[in-house]
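Below: one structure, written as structure tokens.
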Amino acid sequence: KRSLDISEKNLGSNHPEVATILNNLALLYKTTGKISKAEPLYQRSLQIYEKSIGVKHPKYAANLNNLGELSYYQGKYREAEYFFKTSLEILEEALGKNHPDVANSL
């Protein structure tokens with residue numbers, strides 16, 4: 001949380017590094033069972049990535065994958081499937097179908 005505050009103050013609230021910190025904080029909340037705190041952070045991170053690096057970037061895809069995992073954990077299977085498929089499509093386009101990061105997302 002402190003890292004987020006410092007980064008937002010120094011880099012601005014729409015910087016990709018802020019999105020990465022939000023994503024990491026959301027992951028922490030998810031793994032500790034604080035789902036209601038995780039989802040808005042993932043969504044905010046996704047919005048920042050969309051504006052700053054675009055929707056075809058692997059980091060954007062990774063964030064979608066994280067949202068898919070959270071949705072799956074919540075029993076929102078159709079939503080999870082959408083996030084997983086979209087993430088995979090972006091990674092395949094950005095990195096190629098045989099890249100290790102693509103294999104990890106299968």
- Item | Closest heavy-atom pair and its distance - Ala61, Ser87 |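 Closest heavy-atom pair between Ala61 and Ser87: O-OG, 2.7 Å.
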
- Verdict with supporting geometry, Glu79 and Phe83, side-chain contact (heavy atoms from CB on, under 4.5 Å): CA-CA 6 Å; Glu79 188 176 294; Phe83 288 131; 3.4 Å; yes

According to a 4.5 Å side-chain heavy-atom criterion applied to Ile, Leu, Val, Met, Phe, Trp and Tyr, with indirect links allowed, do [X] and [Y] form part of one hydrophobic cluster?
{"X": "Tyr77", "Y": "Ile35", "result": "no"}
{"X": "Leu67", "Y": "Tyr82", "result": "yes"}
{"X": "Leu64", "Y": "Val18", "result": "no"}
{"X": "Ile48", "Y": "Leu25", "result": "yes"}
{"X": "Ile21", "Y": "Leu28", "result": "yes"}

- Item | Which residues share a salt bridge (Lys or Arg N to Asp or Glu O under 4.0 Å) with Glu8, sequence neighbours left out |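 Expected list: Arg44.
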
- Message: Applying side-chain contact (heavy atoms from CB on, under 4.5 Å) to Ile53 and Lys59, what does each step give before you reach the verdict?
- Response: CA-CA 8 Å; Ile53 61 176; Lys59 282 190 175 187; 3.7 Å; yes

- Within a radius of less than 6.0 Å around CG of Asn98, do more than 12 heavy atoms belonging to other residues, nucleotides or ligands occur?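 Atom CG in Asn98 is not packed in, count stays at 12 or less.
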
Supply the atom-to-atom distance [X] [atom1] to [Y] [atom2], rounded to the nearest 0.5 angstrom.
{"X": "Leu91", "Y": "Lys97", "atom1": "CG", "atom2": "NZ", "answer": "13.0 Å"}
{"X": "Glu50", "Y": "Asn63", "atom1": "CD", "atom2": "CG", "answer": "11.0 Å"}
{"X": "Asn65", "Y": "Ile90", "atom1": "CG", "atom2": "CD1", "answer": "10.5 Å"}
{"X": "Lys51", "Y": "Gln47", "atom1": "NZ", "atom2": "CD", "answer": "6.0 Å"}
{"X": "Ser52", "Y": "Leu11", "atom1": "OG", "atom2": "CG", "answer": "11.5 Å"}

- Take Ser105 and Phe84 through the side-chain contact (heavy atoms from CB on, under 4.5 Å) test and state the conclusion after the steps. CA-CA 8 Å; Ser105 70; Phe84 289 142; over 6 Å; no

- Do any pairs count as a side-chain hydrogen bond (donor to acceptor under 3.5 Å, both in side chains) and have a residue in residues 16-40, sequence neighbours left out, and if so which ones?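 Passing the test, one end in residues 16-40: Thr20-Tyr49, Asn23-Asn66, Lys30-Glu69.
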
- Query: So, Ser45 side chain and Leu41 main chain: donor-acceptor pair closer than 3.5 Å or not?
  - Reply: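 No; judged by distance alone, with no hydrogens or angles, the pair does not exist.
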
- Report the C-alpha distance between Tyr42 and Leu27 in whole Å, list the side-chain angles of each, state the deciding distance to 0.1 Å, and finish with yes or no for side-chain contact (heavy atoms from CB on, under 4.5 Å). CA-CA 8 Å; Tyr42 278 137; Leu27 177 62; 3.7 Å; yes

- Task: Would you please test Lys85 and Glu81 for salt bridge (Lys or Arg N to Asp or Glu O under 4.0 Å) and show each step?
- Result: CA-CA 6 Å; Lys85 283 184 175 181; Glu81 180 182 25; 3.2 Å; yes

